[in-house]
Q: 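Just passing along the structure, written as structure tokens.
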Amino acid sequence: MSVTREMGAALRRIQLGSALSAFGLGFTVPYLYVYVAQVRDLGAGTAGVVLAVFAMAALAVLPFTGRAIDRRGPLPVLVVASALASVGAAALGFASSVPAAVLAAAVLGAGTAVMQPALATMLVWCSSTATRTRAFAMQFFLQNLGLGLGGLVGGQLVDVDRPASFTMLFLIEAAMFVVLGVVVATVRMPRTASLGGARPSGDAAARGGGLRALFSHRAMVQLCVLGFVLFFACYGQFESGLAAYGTEAAGIQPSTLGFALAANTAVIVVAQFVVLRLVERRRRSRVIAAVGLIWAFAWIVAGYAGLGHGSQAMATAAFISTYALFGLGEAMLSPTVAPLVADLAPASMVGQYNSAFALCKQLALAVGPAVGGPMGASLHGPYIVTFVLFSLGITVLALRLGRRLTPVQDQPSLAAVPSRVVAVSLPEGADGAVPVANAASAPAPAGH
């Protein structure tokens with residue numbers, strides 16, 4: 001089997017498992033609050049605690065995930081994480097008391113959090129500079145499709161008067177995580193020269209870096225800051241601040257929020273590969289900068305919905321359009337940000353870089369609702385102005401990041417020879433060396 005066919009076969013299995021796990025998550029995530037508060041009759045306060053624990057568990061495990069991936073490899077870490085998530089999902093389906101629900105949510109949150117950097121690292125191992133952009137775009141497409149279909153199917157099965165219907169959903173989710181573990185366990189990782197430096201070897205991964213090395217890599221630090229702002233200004237507002245703003249300021253019916261989220265998913269699914277063809281030969285930093293402008297416009301449209309004093313129909317259309325515009329920006333980000341994290345990472349620290357970025361994302365998802373929820377509900381004008389400014393900040397941060405990237409890091413299509421590592425810009429003071437297989441094609445390092 002040729003290297004290309006071997007890598008393609010591994011990628012297909014990884015993508016299949018990723019899509020199925022997203023399908024399982026889609027079954028339960030939209031209904032978790034209702035399940036805990038109403039179906040199990042544990043109250044709104046307990047439901048809020050369960051959701052908070054779900055998020056905090058991710059924050060607790062992610063700092064340790066990267067080093068485990070770099071020491072042991074992403075495959076065993078992913079198998080353990082999928083087993084953990086499966087146990088958590090099944091336990092949540094039978095949880096009828098507060099301690100049981102909180103403990104199950106913690107286990108489920110920890111398992112699903114570890115999956116993200118492990119899957120990302122497997123994609124890096126099974127792709128080259130030339131194919132990585134499309135690999136991450138495909139993963140994003142399939143995950144959104146899985147989440148959307150899971151939510152749609154789950155909505156047809158649940159009945160608040162029948163707790164057993166929710167138990168069935170959680171058991172389906174648990175089964176999907178088991179399938180993920182089985183599928184990835186059968187992946188035959190390609191054995192290529194370009195992957196040699198990425199594989200853990202004894203204690204090499206443990207000596208290969210750490211937080212000090214990562215923090216000394218200015219381009220990665222800037223990317224983490226940019227990532228926090230990206231997720232804070234978008235995902236962190238979807239189900240909190242923006243939803244509160246829509247219902248309070250724009251008079252949107254709660255049922256309309258479902259249509260808005262559906263519009264967001266539809267734009268991602270429809271536009272992903274059209275957008276991919278437009279952005280894959282352009283500079284990543286400029287694509288991200290363009291996303292900031294698109295999202296600033298989206299927030300202005302949201303401002304019209306709540307503050308424009310137009311008809312209710314126009315306000316509803318504007319609000320749904322806001323979510324659609326966010327979806328367009330997300331479709332542009334999927335082939336740029338995640339591959340850039342991988343391309344910045346030294347060979348022995350791919351897992352740690354992916355985990356660090358996932359931690360920034362999770363922090364944004366935790367802080368975003370806490371800040372945006374109260375503002376969206378009561379401070380309507382300041383809320384819109386704040387997030388227009390945050391979106392413009394994305395543009396500024398992206399352009400500044402572009403000045404720290406090598407030409408190939410910023411625009412992978414410039415690479416003459418596909419390689420696993422396009423990042424010669426290493427953490428300052430790092431001892432890592434560019435693998436011999438990539439030295440000939442490596443670009444000159446960007447100035448720090």
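These numbers come from a predicted model, not from an experiment.
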Q: Output, in order, the C-alpha distance, side-chain angles, deciding distance and verdict of side-chain contact (heavy atoms from CB on, under 4.5 Å) for Gln409 and Arg404.
A: CA-CA 10 Å; Gln409 286 170 351; Arg404 291 202 177 273; over 6 Å; no
Q: Under the 3.5 angstrom rule, does the side chain of Thr322 hit a backbone N or O of Ala302 as a donor-acceptor pair?
A: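 Indeed, once roles are kept as given, a pair shorter than 3.5 Å links the two residues.
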Q: Examine Tyr35 together with Phe170 and report whether their ring centres are nearer than 6.0 Å.
A: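 Here the rings of Phe170 and Tyr35 have centres that are less than 6.0 Å from each other.
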Q: Do you know the tightest heavy-atom contact between Val301 and Ser321?
A: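 Shortest heavy-atom contact: CG1-CB, 4.4 Å.
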Q: With the side chain counted from C-beta on, respond yes when Arg400 and Leu226 share a heavy-atom pair under 4.5 Å apart, and no when they do not.
A: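 Result no, sub-4.5 Å side-chain heavy-atom pair not found.
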Q: Hey, are the side chains of Gln15 and Leu123 touching, using non-hydrogen atoms and a 4.5 Å cut-off?
A: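 They are in contact (side-chain heavy atoms under 4.5 Å apart), so the answer is yes.
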Q: Between Ala338 and Phe136, what is the shortest heavy-atom contact and its length?
A: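 Nearest pair, atom of Ala338 first, then Phe136: CB-CD2, 3.4 Å.
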Q: Could you walk me through whether Tyr235 and Lys361 pass the side-chain contact (heavy atoms from CB on, under 4.5 Å) test, one step at a time?
A: CA-CA 9 Å; Tyr235 297 96; Lys361 171 184 175 181; 5.9 Å; no
Q: Would you say the ring centers of Phe319 and Tyr323 fall short of 6.0 Å from each other?
A: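 Here the rings of Tyr323 and Phe319 have centres that are less than 6.0 Å from each other.
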Q: Nearest 0.5 angstrom please: Ile394 CD1 to Leu389 CG, how far?
A: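 So the gap between those two atoms works out to 11.5 Å.
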Q: Among all residues two or more places apart in sequence or in another chain, which pass the side-chain contact (heavy atoms from CB on, under 4.5 Å) test with Thr336?
A: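 Per chain and number, Thr336 pairs via side-chain contact (heavy atoms from CB on, under 4.5 Å) with Arg284, Val287, Ile288, Leu333.
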Q: With a 6.0 Å cut-off (strictly less than), is the heavy-atom count around CZ of Phe297, excluding the residue itself, greater than 12?
A: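 No.
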Q: Restricting to non-hydrogen atoms, name the atom on Arg40 and the atom on Phe94 that form the minimum distance, rounded to 0.1 Å.
A: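 Heavy atoms of Arg40 and Phe94 come nearest at NH2-CA, 4.0 Å.
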Q: What is the minimum heavy-atom distance between Leu392 and Ala296, and which atoms define it?
A: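 Looking at all heavy atoms of both residues, the shortest contact is CD2-CB, 3.9 Å.
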Q: If you measure from CG on Leu397 to CD on Gln222, what distance do you get to the nearest 0.5 Å?
A: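 Reported value, rounded in 0.5 Å steps: 8.0 Å.
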Q: Taking atom CE as the centre, does Met168 end up with more than 12 heavy-atom neighbours from other residues, nucleotides or ligands that are less than 6.0 angstrom away?
A: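 Counting other residues, nucleotides and ligands, CE of Met168 exceeds 12 neighbours.
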Q: I want to know whether Tyr245 and Trp299 have ring centres closer than 6.0 Å.
A: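 No.
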Q: Checking Asp70 side chain against Gly351 main chain: does a donor-acceptor pair fall under 3.5 Å?
A: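 Side chain of Asp70 to backbone of Gly351, a donor-acceptor pair under 3.5 Å: yes, one is there.
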Q: Got a second to check how far Leu62's CG is from Gln352's CD, nearest 0.5 Å?
A: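 Separation between the atoms: 13.0 Å.
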Q: So, does Asp410 use its side chain to make a donor-acceptor pair with the main chain of Ser285 at under 3.5 Å?
A: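 It does hold such a pair.
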Q: About how many Å separate CZ of Arg218 and CG of Leu344, when rounded to the nearest 0.5 Å?
A: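 Here the interatomic distance stands at 14.5 Å.
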Q: Can you check whether Ala289's main-chain N or O pairs, donor with acceptor, with Thr395's side chain at less than 3.5 Å?
A: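 Between the backbone of Ala289 and the side chain of Thr395 there is a qualifying donor-acceptor contact (under 3.5 Å).
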Q: Is there side-chain contact between Leu147 and Phe23, with heavy atoms separated by less than 4.5 Å?
A: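 Side-chain contact under 4.5 Å: no.
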Q: Please report the shortest heavy-atom distance between Gly93 and Thr167, naming the atom on each side.
A: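 What the structure gives for the nearest pair is O-OG1, 2.8 Å.
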Q: The test is side-chain contact (heavy atoms from CB on, under 4.5 Å); show your working for Phe326 and Val267 and say whether it passes.
A: CA-CA 9 Å; Phe326 276 123; Val267 168; over 6 Å; no
Q: Within the 3.5 Å criterion, strictly below it, is a donor on Ser18 or Gln143 matched to an acceptor on the partner's side chain?
A: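 Yes, side-chain donor-acceptor contact under 3.5 Å.
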Q: Quick check: does any side chain N or O of Arg282 sit under 3.5 Å from a backbone N or O of Leu278, one acting as donor and the other as acceptor?
A: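 Yes; at least one donor-acceptor contact below 3.5 Å.
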Q: Hey, does Met176 have a side-chain heavy atom less than 4.5 Å from the side chain of Ser21?
A: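 Ser21 vs Met176: side chains apart.
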Q: Can you find a pair of side-chain heavy atoms, one from Leu25 and one from Thr112, that are under 4.5 Å apart?
A: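 The answer is yes, as the side chains (C-beta and beyond) meet within the 4.5 Å cut-off.
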Q: Describe, in one word, how the ring planes of His217 and Tyr353 are oriented to each other, choosing from parallel (under 30°), tilted (30 to 60°) and perpendicular (over 60°).
A: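 Answer is tilted, since the angle falls between 30° and 60°.
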Q: Any side-chain heavy atom of Ile268 sitting closer than 4.5 Å to one from Phe141?
A: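 No, side chains not in contact.
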Q: Would you call Met220 and Leu223 a side-chain contact if the rule is heavy atoms closer than 4.5 Å?
A: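 SC-SC contact between Met220 and Leu223 confirmed.
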Q: Are the aromatic rings of Phe387 and Tyr383 close, with centres under 6.0 Å apart?
A: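 Aromatic pair counts; centres sit under 6.0 Å.
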Q: Would you give the length of the straight line joining atom CG of Leu276 to atom CZ of Phe140, rounded to the nearest 0.5 angstrom?
A: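 Here the interatomic distance stands at 12.5 Å.
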Q: List the atom of His380, the atom of Ala377, and the distance in Å for their closest heavy-atom pair.
A: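 Shortest heavy-atom contact: NE2-O, 3.1 Å.
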Q: Would you sort out whether Phe54 and Val107 count as a side-chain contact (heavy atoms from CB on, under 4.5 Å), showing the intermediate values?
A: CA-CA 8 Å; Phe54 185 86; Val107 173; over 6 Å; no
Q: Between Val179, Leu180, Val178, Val184, which is the residue that forms a side-chain contact (heavy atoms from CB on, under 4.5 Å) with Ser82?
A: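 So, applying the side-chain contact (heavy atoms from CB on, under 4.5 Å) to Ser82 and each of Val179, Leu180, Val178, Val184, only Leu180 qualifies.
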Q: Between Gln312 (side chain) and Gly251 (backbone), is there a donor-acceptor pair under 3.5 Å?
A: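 A pair under 3.5 Å: yes.
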Q: For Glu330 and Asn264, run side chain to side chain donor-acceptor pair (under 3.5 Å): C-alpha distance rounded to whole Å, both residues' side-chain angles, the deciding distance at 0.1 Å, then the answer.
A: CA-CA 9 Å; Glu330 292 171 69; Asn264 174 267; 2.8 Å; yes
Q: Is there a side-chain contact between Phe357 and Val337 (heavy atoms, below 4.5 Å)?
A: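 Of all side-chain heavy-atom pairs linking Val337 with Phe357, at least one is under 4.5 Å.
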Q: Could you grab the distance from atom CG of Asp41 to atom OG of Ser96, nearest 0.5 Å is fine?
A: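 Here the rounded value is 11.5 Å.
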Q: Verify whether one side chain among Gln272 and Asn144 offers a donor that lies under 3.5 Å from an acceptor in the other.
A: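 Gln272 vs Asn144: no donor-acceptor pair found between side chains.
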